[in-house]
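Treat the numbers as computed from the prediction; the structure is a model and nothing was measured.
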Amino acid sequence: TGEPFETQNFQKSIDIKRDKDGLETALSLFDKKGEINGEEYTARGLEIYTNYRFSQKLGMSGSITLLDASSESESDYTYDLSYFIRANASYMPGRLWTIEAILVAREGSSYSPISSAVYRDNLNAFEPVYSNTSLRLPRYANIGLSVNKIFAVSEDLNLIAFASLNNVVDRSNIRCISYNFDYSERNRTLFSRRTGYLGVVINF
């Protein structure tokens with residue numbers, strides 16, 4: 001935007017890791033405070049991570065994050081989530097082939113509902129009146145699948161062909177609540193529904 005931007009961060013964290021017999025586990029505790037253009041925010045919580053390889057072909061990993069966050073400028077802070085879960089499973093059925101499944105699940109974002117609206121003659125528009133209560137959107141969940149294969153053309157050139165499918169079960173995850181011009185009707189704005197991708201990445 002061309003406007004001045006200043007940020008400061010102060011973070012304390014403790015990380016504990018253990019790796020034995022193919023099982024990797026990690027625990028992270030963190031407490032972060034900062035300012036963005038003079039507006040303060042805080043984030044504290046913990047993350048538990050684990051990764052295990054059943055064989056050279058099959059591996060799984062997962063993490064859960066418990067997060068308590070707040071912002072001086074936002075009463076309904078986007079990053080204030082009680083839980084955030086991510087799980088991953090990868091399988092290599094053959095040389096240079098990889099099949100991967102990913103699960104992401106988290107608590108729904110918080111928001112302040114609009115209870116009514118007041119018409120402003122000087123603006124020729126309706127001004128929303130927000131409720132004093134804070135609500136949460138339904139929980140977010142998404143499962144994705146992908147398949148890729150590496151083609152080694154030469155020592156300096158290889159191709160990665162991939163196919164992926166996002167939101168496999170076509171879940172209606174709500175991004176936010178939107179309203180019409182006078183705030184008398186509300187609608188749900190959704191994240192992407194089931195979406196497929198095909199492509200090739202060239203490395204040289």
Mind checking the [atom1]-[atom2] spacing from [X] to [Y]? Nearest 0.5 Å is all I need.
| X | Y | atom1 | atom2 | value |
| --- | --- | --- | --- | --- |
| I64 | Y83 | CD1 | OH | 9.0 Å |
| L46 | L66 | CG | CG | 4.5 Å |
| M92 | L58 | CE | CG | 11.5 Å |
| N180 | N187 | CG | CG | 7.5 Å |
| T25 | L27 | OG1 | CG | 9.0 Å |
| C176 | L137 | SG | CG | 8.0 Å |

Legend entry - Working for side-chain contact (heavy atoms from CB on, under 4.5 Å), residues L103 and R86: CA-CA 6 Å; L103 165 68; R86 182 180 177 88; over 6 Å; no

Legend entry - Cation over ring face, K149 and F151, 6.0 Å, 45°: yes

Legend entry - Over-ring placement of R106 relative to Y140, 6.0 Å and 45° cut-offs: yes

Under the 3.5 angstrom rule, does the side chain of [X] hit a backbone N or O of [Y] as a donor-acceptor pair?
| X | Y | result |
| --- | --- | --- |
| S63 | I48 | no |
| N167 | S192 | yes |
| N37 | E6 | yes |
| T133 | S131 | no |
| D80 | S110 | no |

Is [Y] reachable from [X] through a run of I, L, V, M, F, W or Y residues, each pair having side-chain heavy atoms under 4.5 Å apart?
| X | Y | result |
| --- | --- | --- |
| I102 | F191 | yes |
| W97 | I160 | no |
| L135 | Y179 | yes |
| Y79 | F84 | no |
| I150 | V153 | no |

Could you check whether any side-chain heavy atom of [X] comes within less than 4.5 Å of a side-chain heavy atom of [Y], counting everything from C-beta outward?
| X | Y | value |
| --- | --- | --- |
| E35 | E72 | no |
| E127 | Y183 | no |
| I202 | L157 | yes |
| F10 | D31 | no |

Legend entry - All side-chain contact (heavy atoms from CB on, under 4.5 Å) counterparts of R194, not counting sequence neighbours: L165, D170

Legend entry - Qualifying residues under side-chain contact (heavy atoms from CB on, under 4.5 Å), relative to S70, sequence neighbours excluded: T42

Legend entry - F54 and Y52 aromatic ring geometry - parallel, tilted or perpendicular at 30°/60° bounds: perpendicular

Side chains of [X] and [Y]: do they bring a donor and an acceptor to under 3.5 Å?
| X | Y | result |
| --- | --- | --- |
| S184 | D182 | yes |
| N142 | N166 | yes |
| N173 | R171 | yes |
| E100 | N88 | yes |

How close do [X] and [Y] get, counting heavy atoms only, and between which atoms?
| X | Y | answer |
| --- | --- | --- |
| S115 | Y130 | OG-C, 4.2 Å |
| F162 | V200 | CE2-N, 3.8 Å |
| I36 | Y41 | CG1-CE2, 4.0 Å |
| T189 | S178 | OG1-OG, 3.4 Å |
| P93 | K57 | O-NZ, 3.8 Å |
| A26 | K17 | CB-CG, 4.0 Å |

Inset, instruction - Look at atom CG of L123 and say whether more than 12 heavy atoms of other residues, nucleotides or ligands are closer to it than 6.0 Å. - result: yes

Legend entry - Neighbour count above 12 (heavy atom, 6.0 Å) for N9 CG: yes

Inset, instruction - Would you confirm whether the ring centroid of F126 sits within less than 6.0 angstrom of the ring centroid of Y119? - result: yes

Inset, instruction - Name all residues meeting the side-chain hydrogen bond (donor to acceptor under 3.5 Å, both in side chains) criterion together with D15; count only those two or more places apart in sequence or in a different chain, and write none if there are none. - result: S28

Inset, instruction - Might you work through the side-chain contact (heavy atoms from CB on, under 4.5 Å) test for K33 and R44, ending with a clear yes or no? - result: CA-CA 8 Å; K33 297 180 181 179; R44 59 180 60 91; 4.1 Å; yes

Legend entry - E107/R136 ion pair, N-O < 4.0 Å: yes

